[in-house]
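See structure below.
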Amino acid sequence: MAVTAADIADAARRLKGHVVRTPLARATRLSAELGLDIRVKPETLQETGTFKIRGATNAVMQLSPEDRSSGVITVSSGNHGPALAAAATKLGVRCTVCLSTMVPANKVENVRLFGGHPHIAGGEFDEAAREAERLAAETGAVMIPPFDHPDVLAGAGTVGHEIMQDWPEVDVVIAPLSGGGLLGGVAIAMKTAKPGARVIGVSMERGAVMHASLAAGQPIELPEEQSLADALGGGIGLDNQWTFEPVRDLVDETLLVPEGLIAEGMRRLFLDQGLVAEGAGAVGISALLRGGLVEPGAKIAVVISGRNVGKAALMEVLGKA
Ligand SMILES: *Cc1c(COP(=O)(O)O)cnc(C)c1O
């Protein structure tokens, strides 16, 4: 079983009016400087600040009345939690979010802001994930994980579906990569509609589990490290069911960017596009700034996946401009 472009098209219909239909905005200064035609898709405009609202909403809307009354539970590196909380709360569903102590405080607060119940458990993502599994078994709450779930994958794929609708001439799509819900979903949508388009995933150098798993030929684990791109941290699950295969089979290339370039990507989005992006949201721009990734003149859509950076971290990055 696998998620198809038809599932993504269904998700797009379901999400209409429930999440923001984001535009593709020209990045003129960066395009001129790099000799490319770059457009950015600002998922930063979503209510919870990230594309994660797409998958969360697509999943919660399909729960049976019985499942809704049991409540939902998840583990989050900080952005899926608030998204699931927002989607669940709007439908009157109780939402518990397990987070590790590595999750920045602004993101824990966001879970509360959007109506969820944060539960701090463990020093890293994989420990918080085990606690969520335990609580789900104990309470009967329905687990809606951050990426490894067909409805979450299909919801994230609507990002690619919209890029194809808005810019069918696109040559290359670049998206951030952690568990692969976003990139896997985008790749399914893109490669079905336009097999010749290149799909590229970008992760941070520090603890890029999917990148290492692709090299190993199977899901593996790595220790989690601090990074400006904190939303890209965490494992993909040794028993990954839904995202490893589409990323392995459909994505043309994955690459890693260092911390300095992540900060530079954030600065460029702020100064050139008026967009506040968190580190994870900026890595597509970081990859282009490194140079040599794409043919001169290529039409490139870059997914800016999220904006949830704390004030102190943002000030530090911008202060070095
Ligand atoms: C979750 C997240 C990602 C990575 O998405 P995956 O589906 O886990 O690959 C990228 N950027 C932001 C801002 C996120 O919250």
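Counting starts at 1 for both ligands and their atoms, in listed order.
Looking at Glu43 and Arg54, a side-chain N of the basic residue comes within less than 4.0 Å of a carboxylate O on the acidic one, giving a salt bridge. Salt bridge present: Glu264 and Arg267 bring a charged side-chain N and a carboxylate O closer than 4.0 Å.
Looking at residues two or more places apart in sequence or on another chain, you find a side-chain contact (heavy atoms from CB on, under 4.5 Å) between Ala154 and Val3, Asp7, Ile8, Ala11, Asn58.
Among residue pairs with one or both ends in residues 248-261, those qualifying as salt bridge (Lys or Arg N to Asp or Glu O under 4.0 Å) are Lys191-Asp252, Arg198-Glu253; sequence neighbours excluded. Judged as a side chain to side chain donor-acceptor pair (under 3.5 Å), not a single pair has a partner in residues 215-224 (not counting sequence neighbours).
At least one side-chain heavy atom of Pro176 sits under 4.5 Å from a side-chain heavy atom of Val303.
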Atom pairs and distances, ligand 1 N/O vs protein N/O under 3.5 Å:
| residue | atom | partner | partner atom | Å |
| --- | --- | --- | --- | --- |
| ligand 1 | 7 (O) | Gly181 | N | 2.9 |
| ligand 1 | 7 (O) | Leu182 | N | 2.9 |
| ligand 1 | 8 (O) | Gly179 | N | 2.9 |
| ligand 1 | 9 (O) | Ser178 | N | 2.8 |
| ligand 1 | 9 (O) | Gly179 | N | 3.1 |
| ligand 1 | 9 (O) | Gly180 | N | 2.8 |
| ligand 1 | 11 (N) | Ser305 | OG | 2.6 |
| ligand 1 | 15 (O) | Lys52 | NZ | 2.6 |
| ligand 1 | 15 (O) | Asn79 | ND2 | 2.8 |

